[in-house]
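Working notes, structure below.
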2 protein chains.
Amino acid sequence: MTQPSPASSGLRPIGKLAAATGVKVPTIRFYEEIGLLPAPPRTASDRRMYDDAAERRLSFIRHARQLGFDLDSIRSLLDLSDHPDRPCAEANVIAERHLAEVKQKIAQLRALQGELSRMTAECAGGRVSACKVIEALHDHPASL
Amino acid sequence: MTQPSPASSGLRPIGKLAAATGVKVPTIRFYEEIGLLPAPPRTASDRRMYDDAAERRLSFIRHARQLGFDLDSIRSLLDLSDHPDRPCAEANVIAERHLAEVKQKIAQLRALQGELSRMTAECAGGRVSACKVIEALHDHPASL
DNA sequence: ATGCATCCTCCAGTCGCTGGAGGATCAAGC
DNA sequence: GCTTGATCCTCCAGCGACTGGAGGATGCAT
C-alpha cells in the first residue's frame, strides 16, 4: 500500500464486502454462481477482490431483496439499470406487479388473521376435547 | 362387492382420497414419508388404501396448512387432537404464536407496500436514467 | 514463527412440496 | 380375452433463496 488511505476505493476481499453491504459471504458467492454478480478478479491465491462497482451492485440487490423482489425480477432490474437509455416502463411494470403481489398477500394474511383470532379467542382453556382451536381445524369446511 | 353402496365407508385408493380432500397425490405420499399421515394398509399389489379416519386426518392437515401453520406445528396439533384429555392450552399457544407471526408479516408487508407505492407513483415514464424505481433501489439507505 | 482469521471449493440441508422417469396394475369396453 | 387408458408404485431431481459445515489453503498481525 503506497496510498495513505483513500477511504472507499481499491479492492477488498469478500469479507469486507459482506460487512459493508450486510450480505453474508456465502450469499455473495451464491449470487456470483447464479450470475447476479459478475465474477470479480482474483488474487494469485484465488481470493475474490471487489471494487466499488461491485459493492454498488450488491447493495442494489440487497435493497431489492429487502423490498421482496425475487431474484429473477432483480436480474431484470439490474439489467435495466445497466442500460439507462431504455424506457423506464419496464422497471415500473416489475415494481407494480410486485406491488400487486404484496397487496394480495396482505389480503390473504388478513383473512388468516381473522380466522386465527376467532379460533384463539373462543378457546376457554379446558381439555383438548373441548378446544375450539382443534375443533375449528377438524370442522372448518372451506371459507378460504 | 356384496354391499349396495354405503356412501362414505370402505377403503379408497390414494387418487380418491386426493380428490376428496383436495390434497395432491404426491403430497399425500410426502405426508406419509415425513410421518404426518400413518402408512395405510396396502393391497396385494402394494396400493395404499385409505379409510375415513385417514381422510379426516388429511383434511385436518389441509385446513391447518390453509391457515398457514407449518408442518411441525401441525404435527403437534395432530398429536393434541389424538389426546383429547390433554390441556387445550398447548394448542392455543401454537395458534397464538402463529397469529403473532401472521400479524408481524402483515406489518412487514404493509411497510413494503408503502415503499413500493411511493416508488411506482413517482415514476414518470421516461428513460431508466431518470427512473425513480431504479433510483430508489440504488439510493435506498435503510428504513427497513 | 505462530496462531487465528479469513478465504477457497464442494456438498448437503432447509421448507413444502412438485413433477418426471420407468414400470406395474386395474377397470372398462368390445 | 384383449386392449387401452387411467391410476398406481418407487425413486430421484428440482424449485427459491439461501445457510452452514467439512476440509484445506492462505493472509495478517504479533
Side-chain angles (χ1 to χ4, degrees), chain A residues 1 5 10-37 39-50 54 58 60-78 94 97-98 101-102 105 108 112, chain B residues 1 5 10-37 39-50 54 58 60-78 98 101-102 105 108 112:
Chain A
M1 305 228 180
S5 63
L11 298 170
R12 61 227 89 135
I14 197 167
K16 302 292 175 198
L17 183 67
T21 57
V23 178
K24 289 181 186 168
V25 167
T27 304
I28 297 174
R29 291 197 273 247
F30 169 72
Y31 287 161
E32 178 183 330
E33 197 180 305
I34 63 169
L36 263 194
L37 272 183
R42 305 276 190 122
T43 67
S45 57
D46 247 13
R47 289 168 179 229
R48 294 169 177 86
M49 297 301 279
Y50 296 91
L58 183 54
F60 184 102
I61 296 170
R62 194 198 175 213
H63 299 330
R65 283 298 295 140
Q66 286 182 329
L67 286 169
F69 287 99
D70 59 37
L71 295 182
D72 251 19
S73 298
I74 294 176
R75 207 184 291 276
S76 304
L77 290 169
L78 279 167
I94 294 171
R97 190 188 58 206
H98 181 48
E101 286 163 6
V102 168
K105 194 104 199 184
Q108 277 174 17
L112 289 195
Chain B
M1 306 231 181
S5 63
L11 298 170
R12 62 228 89 137
I14 197 167
K16 303 291 176 201
L17 183 67
T21 57
V23 178
K24 289 182 185 167
V25 168
T27 304
I28 297 175
R29 290 199 274 249
F30 169 72
Y31 287 161
E32 177 183 332
E33 196 182 305
I34 64 169
L36 263 194
L37 272 184
R42 305 277 190 121
T43 68
S45 58
D46 247 16
R47 287 165 183 234
R48 295 168 177 86
M49 296 302 277
Y50 297 91
L58 184 53
F60 184 101
I61 295 171
R62 195 196 175 216
H63 300 328
R65 284 296 296 139
Q66 285 180 330
L67 285 169
F69 287 99
D70 59 36
L71 295 182
D72 251 20
S73 298
I74 295 175
R75 207 185 292 275
S76 305
L77 290 168
L78 279 168
H98 181 48
E101 285 164 6
V102 167
K105 194 107 198 180
Q108 277 174 17
L112 289 195

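Within every chain, numbering begins at 1; the chains are lettered A, B, ... in the order of the sequence lines, protein sequences first and strands thereafter. Not measured: the values here are computed from a predicted model.
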I need the [atom1]-[atom2] distance between [X] and [N], as an integer number of Å.
{"X": "B:Ile61", "N": "C:dG16", "atom1": "CD1", "atom2": "C1'", "result": "13 Å"}
{"X": "A:Ile14", "N": "C:dT9", "atom1": "CD1", "atom2": "P", "result": "9 Å"}
{"X": "B:Gln66", "N": "C:dG16", "atom1": "CD", "atom2": "C1'", "result": "15 Å"}
{"X": "A:Asp46", "N": "C:dT6", "atom1": "CG", "atom2": "C1'", "result": "14 Å"}
{"X": "B:Arg75", "N": "C:dC15", "atom1": "CZ", "atom2": "P", "result": "10 Å"}
{"X": "B:Leu36", "N": "C:dC17", "atom1": "CG", "atom2": "P", "result": "9 Å"}
{"X": "B:Arg62", "N": "C:dG16", "atom1": "CZ", "atom2": "P", "result": "17 Å"}
{"X": "B:Phe69", "N": "C:dC15", "atom1": "CZ", "atom2": "P", "result": "17 Å"}

| said: For A:Leu67, is there any backbone N or O sitting under 3.5 Å from a side-chain donor or acceptor partner on A:His98? | reply: yes
Heavy-atom distance under 4.5 Å between the side chains of [X] and [Y], does that happen here?
{"X": "B:Val102", "Y": "B:Lys105", "answer": "no"}
{"X": "B:Arg75", "Y": "B:Leu78", "answer": "no"}
{"X": "A:Arg65", "Y": "A:Arg62", "answer": "no"}

Could you measure the distance from the [atom1] atom of [X] to the [atom2] atom of [Y]? Nearest 0.5 Å is fine.
{"X": "A:Asp72", "Y": "A:Leu77", "atom1": "CG", "atom2": "CG", "answer": "10.5 Å"}
{"X": "B:Leu36", "Y": "B:Leu71", "atom1": "CG", "atom2": "CG", "answer": "5.5 Å"}
{"X": "B:Met49", "Y": "B:Arg42", "atom1": "CE", "atom2": "CZ", "answer": "11.5 Å"}

| message | Need to verify one output field. Residue with the more 5' nearest nucleotide on DNA chain D, A:Gly68 or B:Glu33? | response | B:Glu33
| For nucleotides 21-30 of chain D, read 5' to 3', which letter fits each nucleotide if B means a protein heavy atom sits under 4.0 Å from the base, S means only the sugar-phosphate is that close, and - means neither? | ----BBS---
| field | Within residues 19-28 of chain A, residues whose heavy atoms come under 4.0 Å of DNA chain D | value |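 Close to the strand are A:Lys24, A:Thr27.
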| field | Distance test, side-chain N/O of A:Tyr31 to OP1/OP2 of D:dA17, below 4.0 Å | value |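 The answer is no; no side-chain N or O of A:Tyr31 sits under 4.0 Å from OP1 or OP2.
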| Do the side-chain N or O atoms of B:Arg48 get closer than 4.0 angstrom to the phosphate oxygens (OP1, OP2) of D:dC9? |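 Answer is yes, contact under 4.0 Å.
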For a quick test of your reading: what N or O donor-acceptor pairs under 3.5 Å do the side chains of residues 14-33 of chain A make, sequence neighbours left out?
unit_1: A:Thr21; atom_1: OG1; unit_2: A:Leu17; atom_2: O; d: 2.8
unit_1: A:Thr21; atom_1: OG1; unit_2: A:Val23; atom_2: N; d: 3.3
unit_1: A:Glu32; atom_1: OE1; unit_2: A:Arg48; atom_2: NE; d: 2.8

| Which atom pair, heavy atoms only, marks the closest approach of A:Ser76 to A:Ile94? |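 Where A:Ser76 meets A:Ile94 most closely, the heavy atoms are CB-CD1, 3.5 Å.
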